[in-house]
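Beneath this line is the structure, given in structure tokens, with notes to follow.
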Amino acid sequence: MSKLLSVVVSVYNEEPGLREFYSETTAALRGLPASWDYELLFVNDGSGDGSGCLLRELAKEDKRVRLVDFSRNFGHEAAMIAGIDYANGDGIVCMDADLQHPPGLLPEIVEKFEEGCQVISMVRLKNKSAGLIKNVTSSAFYKLINRLSDVKFEPNASDFFAVDSQAAEVLRKNYREKVRFLRGYVQSIGFEKTTLAYEARPRVAGESKYSLRKLFRFSVNTLLCFSDLPLKLGIYSGAVTALFGVLMMLYTIHTWAKYGAPSGYATIVVLISFMFAVLFVIVGIIGEYIAILFAELKDRPVYIVKDTMNVRNEDRAAKFVRKSDSDCGNSAAGV
């Protein structure tokens, strides 16, 4: 009995390179073992260019191409979890449409599935197109989160990863946070794990959708999702401030005994400024945690699907959303 490989591809304004990605990826997929079939599942994350129309053309030309079309842009993380929701494969691979994740590695991933691996993390060796700043900050981020979190992550693991159907079911049912770090969840769920190394290729077209500001925000949310240590900074800061206060008291007593009553103006200003700085940092950290809790409490959908193509009623996706296979479907549902 043949097995199915689902390749999930997040798409956001990737029109110039989509045809090339499709051609190269399908060529790689045709090289899979005879016991494996495949589906190519594109998630259009509210693209503002012609990506949606091009994906519909591909879906008409090739019935193995499936399309999930969001009602608006929900972000890369939402697109990946939507792809996992819709995927029907015995193995699922998540990758980007810019060809920085080499499709030529798909047969190797299938080999790992055949060996019994259930979670495959793709570890990036080099990314020359990212620039010095992003490479340095990426390395620093993984070192920091590995120190703060109980979960240890593979350095430079990317959004290029693969899971089998059992691991995917865990992600579908139990990891539905609104603020999420999917590649982190993939590494934390256990199962039989392995890694494959790759070198990121130059982007086939367009530019990165992650600005430094977005990357910083993403990094902060990730740290807060996987560690409660920042909340404990209040205790540590209070202890340090108390010790500092005791030292200042002893210094003041010494100065009074030796030189008489000091003016103490500069000392008071410095001490108050320091304590207020610590206080505002702690309040800011608590505010970030409250923001995450508020997002979860509102329980709004992770994504909203406007339309689908080549998704059959019996597919797993039917459990999550309504669908329409028309060119201009108007069905929508939130997940």
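Hydrogens, waters and symmetry mates are skipped; everything else that's a heavy atom, side chains included, is used. Just so we're clear, the structure is a prediction, and the values are computed from it rather than from any experiment.
- With D90 contributing its side chain and L4 its backbone, the two residues share a donor-acceptor pair below 3.5 Å.
- In this structure, the separation between CE on M80 and CG on D85 is 12.5 Å, given to the nearest 0.5 Å.
- At least one donor-acceptor pair under 3.5 Å links the side chain of E39 to the backbone N or O of N88.
- Between the CG atom of L18 and the CG atom of D49 there is a distance of 8.0 Å, given to the nearest 0.5 Å.
- Proximity of L106 to V93: side-chain heavy atoms (C-beta onward) are separated by under 4.5 Å at one or more points.
- In this structure, S10 OG and L41 CG are separated by 11.5 Å, a value rounded to the nearest 0.5 Å.
- Tested against Y38 for a side-chain contact (heavy atoms from CB on, under 4.5 Å), the candidates V110, L32, V7 yield a single pass: L32.
- If you check the side chains of S51 and E15, you find no donor sitting under 3.5 Å from an acceptor.
- Here the CG atom belonging to L5 is positioned 6.5 Å from the CZ atom belonging to F113, to the nearest 0.5 angstrom.
- Between the N73 side chain and the D45 main chain, a donor and an acceptor come within less than 3.5 Å of each other.
- Using cut-offs of 30° and 60° on the angle between ring planes, the pair F42 and F21 is perpendicular.
- In this structure a side-chain-to-backbone donor-acceptor pair under 3.5 Å is missing from D69 to K306.
- Rounded to the nearest 0.5 angstrom, M95 CE and I109 CD1 are separated by 7.0 Å.
- Judged by distance alone, the side chain of N310 and the main-chain N or O of A59 form a donor-acceptor pair under 3.5 Å.
- Ring-plane geometry between F160 and Y198 is classed as perpendicular, the angle between the planes exceeding 60 degrees on a 0 to 90 degree scale with a lower cut at 30.
- Salt-bridge annotation for R172 and E169: present, with a side-chain N of the basic residue lying under 4.0 Å from a carboxylate O of the acidic one.
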Kindly indicate, with the supporting measurements, whether the criterion side-chain contact (heavy atoms from CB on, under 4.5 Å) is fulfilled by V305 and Y86. CA-CA 11 Å; V305 173; Y86 272 81; 3.7 Å; yes
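- Side-chain atoms of D98 come within 3.5 Å of backbone atoms of Q100 as a donor-acceptor pair (strictly under, hydrogens ignored).
- A donor-acceptor pair is defined here as one N or O able to donate and one able to accept, closer than 3.5 Å; no such pair exists between the side chain of T25 and the backbone of Y22.
- Atom NE2 in H101 sits 10.5 Å away from atom SG in C94 (nearest 0.5 Å).
- Geometric assessment of R72 against the ring of F70 yields a negative cation-pi assignment under the 6.0 Å and 45° thresholds.
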